[in-house]
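The sequence lines fix the lettering, A, B, ..., with proteins before strands; numbering per chain opens at 1.
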Amino acid sequence: MSFDPVYRLVKQIPRGRVLTYGALARALGLPGGARTAGRAMGATPRGQAIPWHRVLGANGKILIREPYASLQKKLLESEGIAVVESRINIKKYLWTPQRKKSRTIKKSRRPLPKSK
DNA sequence: CATCTGACGACCG
DNA sequence: GCGGTCGCCAGAT
């Protein structure tokens, strides 16, 4: 399915590291497709050894609801990641997908915030 | 075809 | 730091 690339990347997340939906989506070339990434995670086939618990919302917060939230918290802690109030120190555990070929990363920025 | 909804994210007050 | 709003994408109703 089209979610394959997502799972493939998630599987590469090292133990003790995490990724955010947004970062995940961007790494897959889906800017603004954070929810799509989340959708993919929601469809993760069980028993596939996919560390879905290493994917958190922006700011390292657990966005899913019970009973999965508790499970995720438990799994993260079992990897040495401190979870406090449904959130972790994202800056400390965030993992950046490694590519085979290094490339020049240009500072893509979103359009200027338009006055509302 | 119109709306709602969700394992999202960023901005604003 | 928190809650509300808006933007975005896709599937469900």
Closest approach to the side chain of A:Arg65, judged atom by atom: which nucleotide of B:dG9, B:dG6, C:dA10 is it? B:dG6

So if I take every side-chain heavy atom of A:Ala58 and compare against C:dC2, B:dA7, B:dG9, which nucleotide ends up nearest? B:dG9

Confirm from the modelled atom types if A:Arg39 and B:dG6 form a donor-acceptor pair under 3.5 Å, side chain to base only. yes

In whole angstrom, give the distance that lies between atom CG of A:Leu94 and atom P of B:dG9. 11 Å

Mind checking if A:Gly42 touches a base, just sugar-phosphate, or nothing, with heavy atoms under 4.0 Å? base

Spacing of A:Asn59 atom CG relative to B:dC8 atom P, expressed in whole Å: 14 Å

Can you measure A:Ile90 atom CD1 to B:dA10 atom C1' for me and round it to whole angstrom units? 16 Å

Integer-rounded Å distance: B:dC8 P and A:Arg26 CZ: 18 Å

Does A:Trp52 offer a backbone N or O that forms a donor-acceptor pair with the side chain of A:Tyr7 under 3.5 Å? no

Quick one: the side chain of A:Tyr68 and the base of B:dA7, do they pair up donor-acceptor inside 3.5 Å? no

Rounded off to whole Å, could you give me the CE-to-P distance for the A:Met41 and B:dG9 pair? 12 Å

Spacing of A:Met41 atom CE and A:Tyr21 atom OH [to the nearest 0.5 Å]: 6.5 Å

How many Å lie between CG on A:Leu24 and P on C:dC8, as a whole number? 20 Å

Protein-nucleotide distance (A:Leu63, atom CG; C:dC2, atom P), rounded to Å: 14 Å

Side-chain touch A:Ile13/A:Val18, heavy atoms, less than 4.5 angstrom: no

Please report the distance, rounded to the nearest Å, between CG in A:Leu28 and P in C:dA10. 14 Å

Ignoring hydrogens and angles, state whether a donor on the side chain of A:Glu66 or A:Ser70 is under 3.5 Å from an acceptor on the partner side chain. yes

When you measure from the side chain of A:Arg87, which nucleotide among B:dA7, B:dG9, C:dC2 comes out closest? C:dC2

A:Glu79/A:Arg17 salt bridge by N-O under 4.0 Å criterion: no

